[in-house]
Structures are given as C-alpha cells and as structure tokens.
J.: 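There's a structure below that I have some questions on.
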Amino acid sequence: MVELLESKKISLYDELEKIVLTSSFSNLAYVDGRKTANKLGFDIWQDLKQIYSEEVLKRKLKIKDLYTDSQAFPDFMFKSISQDNQLIGGEILELKDSKGGGIASFNSTIPTEYKTLKEIERLNGSKGKIVIKIAEIFDKNSSDPLWKTYKRKCFYLIRTHKTDKSKIKVSIVDGAFFETIPEEKLISLMFQNIFNKHAKEYHIPDTVKENASQVFQYLTDHSLISFSQDIPKASIKPRLRIMAEAKNEGNPHWEKYNIPSRTLNLVIKADSESKITREIIEESKLPIKIFTINHQNDGEFLVFSYRVR
DNA sequence: ACTGCTAGTGAGGTCAATGC
DNA sequence: GCATTGACCTCACTAGCAGT
C-alpha cells in the first residue's frame with residue numbers, strides 16, 4: 001500500500017474503491033461494486049472471461065448483469081488461505097467515506113469484530129446468496145466444509161474530511177474498535193433505553209418495568225426487527241431500521257486520539273498477534289510511525305501511520 | 001414451464017432541522 | 001457552533017405472482 005501511494009498510482013483523494021482495487025485486486029474474493037470497479041478500470045471477471053463467455057457466466061451465477069453495484073454487505077471480501085488444514089484470512093472490508101470529521105452512519109449492519117459467511121447470508125436477507133455465489137467462484141477454498149462458518153475478521157476503511165487537503169485522514173480499522181459490546185446485547189439495551197424514556201415520561205407500573213427488561217433480552221435480532229410490520233387494519237407498514245453513529249470514542253479519527261491529518265493508517269487491537277505485525281513493520285524500515293490509542297471502552301489499539309507528502 | 005413485472009428489503013450518503 | 005436526529009433520495013436483488 002505504501003509503495004503504491006509513493007508510486008503515485010493512487011492518492012488519498014481517489015475513490016476508496018480504487019485504493020482497495022489497486023492494492024488488492026488479485027486477492028479479492030468478492031467485490032460488491034462491480035459497476036463502480038469497471039468504471040475505475042477494474043474488471044473482476046477478466047480472467048473468468050478467458051474461460052467462459054459472458055452469457056455462460058451469467059447463467060452459472062443466475063444474475064442478469066455482471067456489472068452492477070449490489071449494495072449488500074460487505075463491500076469487499078478477501079480470498080481465504082488454507083494453512084495447515086485450517087482456513088485463515090478471508091477478511092471482510094467495509095468502506096466509510098465522509099466529508100466531515102465523523103464517520104458516515106452504519107445503516108442496518110452493525111459493525112462487529114468478526115462475521116461468518118453464514119451470518120452475512122442471513123443479514124443480507126433477500127439478497128443473501130449473491131455474496132456467496134460470487135465468492136465461491138473466486139475463492140479456491142470455497143469447498144472447504146468450514147468456509148461458510150469460520151470467523152472472518154472485519155475491517156473498516158474509513159476516510160474523513162475527504163475533500164479537505166489539510167484535514168484528510170484514511171485508516172483501515174479493526175472492527176473491534178466499534179464493537180465494544182456484542183450486537184445482541186446492544187439491540188436489547190437499545191429497546192431498554194427506549195422503554196426507560198417512556199417510563200420517565202409516562203406512569204408505568206413497577207411490575208411492568210420488571211417484566212419489560214426480561215422481554216427486551218429476547219429482542220436481539222436485527223434481521224427480524226427490520227422487516228416492515230404488517231399491522232391489521234393499518235394502511236401503512238412501519239419499518240424499523242437500526243442505523244448507528246460512531247461516538248467520538250468509537251471514531252479513530254477523533255482529535256483526542258491524535259492521528260495526524262494527511263495520513264494512511266492501520267488501526268488494530270494491541271494483542272499478541274499485533275506484536276508480530278509491529279515487528280514486521282519495524283524490521284521493514286518503511287517510513288511508518290507506530291503509536292497507541294487508548295480506546296475508552298476497549299483497551300489499547302496500535303496505530304501504524306504513514307504520512308503522505 | 002417460462003417470462004416479465006413489481007413489492008419488499010438491504011444499503012449508501014448527504015443535508016436540514018433541532019437541541020444543547 | 002457543534003452534535004444529534006430526522007428525512008431524503010437512489011439503486012440492487014429476489015421472491016412470488018400473473019399471464020402466456
């Protein structure tokens with residue numbers, strides 16, 4: 001990535017998609033924005049087209065158009081690697097681009113540290129199969145029995161102040177930075193919060209309050225919540241969607257975390273594995289600064305920071 | 001059995017209004 | 001003045017239905 005930036009093939013102002021495609025094209029098992037990629041000069045089907053015609057590919061995959069932006073989760077998925085009979089890699093990458101200093105809203109998909117393909121299939125609901133169908137073709141390990149169920153690490157490619165030359169920051173962020181309590185708990189606590197506000201505003205008997213928090217422990221599943229609700233005699237169907245905004249402490253680009261502007265960063269949890277990354281970077285003698293962020297709710301994170309001239 | 005259409009759902013980003 | 005909340009608008013994919 002650093003070499004690419006220095007060779008001027010990409011810049012921090014390019015589309016985030018272009019940054020990913022330029023640096024990782026051959027390592028990707030899934031690209032959500034096939035249309036966008038094509039516009040940027042990347043044809044994910046180029047190799048397969050040597051073997052099959054476009055028509056055959058469409059028929060095999062049961063899709064009408066090879067070049068659409070699915071707008072499903074995730075934006076990118078890397079190919080898995082089989083090592084000592086175990087699947088590793090296959091990471092998920094989501095993009096978040098915004099003009100201001102905050103991270104663009106998470107819409108419907110709550111950010112997490114890990115996700116399995118099975119979970120992705122479910123959370124994508126009616127679009128559920130598309131990711132798997134495409135990734136199966138590109139990932140040579142897709143026949144492994146654990147391919148759909150092993151935990152994949154989620155990363156977020158975050159950019160803030162994207163149009164401001166003096167303030168721009170780009171980071172690849174460990175999903176753990178956002179998931180400081182598990183999703184199910186988050187959702188049930190959200191309903192609890194809503195209820196508490198009602199309790200303050202209206203007279204709700206104490207016995208009901210006690211029962212209520214028990215009930216909320218069972219409201220945990222976003223894919224069941226997000227259906228539009230058919231209410232007898234109602235002529236509209238209300239539809240709940242959980243959107244989420246990163247708080248300051250969940251935004252690595254928060255001023256207090258001191259990531260400098262005009263930098264490209266990798267932000268990962270400081271654990272035993274990250275020590276290895278640290279050693280590799282230190283030995284590489286690349287112009288990368290290493291420092292730590294103390295996440296208010298989730299311990300220490302390591303930042304590998306490269307400044308763009 | 002096949003085709004074409006549409007309702008339902010998932011996702012994205014930005015801006016306006018409101019609250020503190 | 002900045003953060004939070006509400007709203008807007010767009011597009012893709014699938015299931016299921018109606019018509020042939």
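The figures that follow rest on heavy atoms only: side chains count, while hydrogens, waters and symmetry mates do not.
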J.: Between the side chains of Glu6(A) and Tyr306(A), is a donor N or O closer than 3.5 angstrom to an acceptor N or O?
T.: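 Side chains of Glu6(A) and Tyr306(A): pair found under 3.5 Å.
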J.: Output the rounded distance in Å from OH (Tyr156(A)) to C1' (dG13(B)).
T.: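 Tyr156(A) atom OH is separated from dG13(B) atom C1' by 17 Å.
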J.: For Lys247(A), answer base if it contacts any base atom (sugar-phosphate contacts may also be present), sugar-phosphate if it contacts only those atoms, and nothing otherwise; contact means non-hydrogen atoms under 4.0 Å.
T.: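 If one applies the 4.0 Å heavy-atom cut-off, Lys247(A) turns out to touch nothing in the nucleic acid.
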J.: For the pair made of CG in Leu123(A) and C1' in dA11(B), what is the distance, rounded to whole Å?
T.: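 The answer, rounded to whole Å, is 11 Å.
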J.: Which comes earlier along DNA chain C counting from the 5' end, the contact point of Gln71(A) or that of Lys129(A), where each point is its nearest nucleotide?
T.: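 In this pair, the answer is Gln71(A).
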J.: Walk along DNA chain C from 5' to 3' and tell me the first and last nucleotide with an atom closer than 4.0 Å to a non-hydrogen atom of chain A.
T.: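 In short, chain A contacts DNA chain C from dC11(C) to dT14(C).
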J.: If we count only N and O atoms by modelled type, under 3.5 Å, do the side chains of Thr36(A) and Asp69(A) hold a donor and an acceptor together?
T.: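 Side-chain D/A pair, Thr36(A) to Asp69(A): present.
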J.: Return all side-chain donor-acceptor pairs below 3.5 angstrom for residues 282-294 of chain A, not counting sequence neighbours, or 'none' if the list is empty.
T.:
{"unit_1": "Glu282(A)", "atom_1": "OE2", "unit_2": "Arg278(A)", "atom_2": "NE", "d": "3.2"}
{"unit_1": "Ser284(A)", "atom_1": "OG", "unit_2": "Ile281(A)", "atom_2": "O", "d": "2.6"}
{"unit_1": "Ser284(A)", "atom_1": "OG", "unit_2": "Leu286(A)", "atom_2": "N", "d": "3.2"}

J.: Between atom NZ in Lys96(A) and atom C1' in dG13(B), what is the gap in whole Å?
T.: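 Going from Lys96(A) (NZ) to dG13(B) (C1'), I get 9 Å.
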J.: Are there over 12 heavy-atom neighbours, none belonging to Lys133(A), within less than 6.0 Å of that residue's NZ?
T.: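 Result for NZ/Lys133(A): enclosed.
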J.: Whole angstrom is fine here: how far is it from NE2 in His222(A) over to P in dG10(B)?
T.: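 It is 7 Å, rounded to the nearest whole Å.
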J.: Could you run down the sub-3.5 Å N/O contacts of the protein with nucleotides 14-18 of chain B?
T.:
{"unit_1": "dT14(B)", "atom_1": "OP1", "unit_2": "Lys162(A)", "atom_2": "NZ", "d": "3.0"}

J.: Just checking Tyr257(A) against Phe301(A), ring centres under 6.0 Å apart?
T.: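 No - the distance between ring centres of Tyr257(A) and Phe301(A) does not fall below the 6.0 Å cut-off.
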J.: Could you check how far CG of Leu95(A) sits from P of dA11(B), rounded to whole Å?
T.: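 After rounding, the gap between these two atoms is 14 Å.
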J.: Can you list the steps and then say if Ile158(A) with Phe178(A) is a side chain to side chain contact (heavy atoms under 4.5 Å, CB included)?
T.: CA-CA 12 Å; Ile158(A) 305 285; Phe178(A) 305 110; 4.1 Å; yes
J.: Got a sec, which pairs hit salt bridge (charged side-chain N to carboxylate O under 4.0 Å, His left out) with one end in residues 263-273 of chain A, sequence neighbours left out?
T.: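 Residue pairs passing salt bridge (charged side-chain N to carboxylate O under 4.0 Å, His left out), neighbours aside: Lys269(A)-Asp298(A).
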J.: Phe106(A) CZ to dG12(B) C1': how many Å, rounded?
T.: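 These atoms are roughly 13 Å apart.
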J.: With side chains defined as the heavy atoms from C-beta onward, is the minimum distance between Ile168(A) and Val308(A) less than 4.5 Å?
T.: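 Heavy-atom side-chain distance check fails, nothing below 4.5 Å.
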J.: Please write out which residues are connected to Tyr202(A) in a hydrophobic cluster, directly or through intermediates, given that two of Ile, Leu, Val, Met, Phe, Trp, Tyr count as joined at side-chain heavy-atom separations below 4.5 angstrom.
T.: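 Other cluster members: none.
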J.: Are Ile81(A) and Ile137(A) connected in the hydrophobic side-chain network, where two residues link if heavy atoms are under 4.5 Å apart?
T.: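 Ile81(A) does not cluster with Ile137(A).
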J.: Rounded to whole angstroms, how far apart are CD1 on Ile103(A) and P on dA11(B)?
T.: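 So the CD1-P distance, Ile103(A) to dA11(B), works out to 18 Å.
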J.: Do any of residues 60-70 of chain A sit with a heavy atom less than 4.0 Å from DNA chain C, and if so which?
T.: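 The stretch gives Thr68(A), Asp69(A), Ser70(A) as the residues lying under 4.0 Å from the strand, ordered by number.
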J.: In the structure I gave you, are the side-chain heavy atoms of Glu249(A) and Thr180(A) within less than 4.5 Å of one another anywhere?
T.: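 The answer is no, as the side chains (C-beta and beyond) never meet within the 4.5 Å cut-off.
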J.: Under 4.0 Å, counting only non-hydrogen atoms across every strand here, what does Arg34(A) touch: a base, just sugar-phosphate, or nothing?
T.: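 Here Arg34(A) touches the backbone only, sparing every base.
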J.: Rounding to an integer number of Å, can you tell me how far Phe76(A) CZ sits from dA11(B) P?
T.: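 Spelled out: CZ on Phe76(A) to P on dA11(B) is 16 Å.
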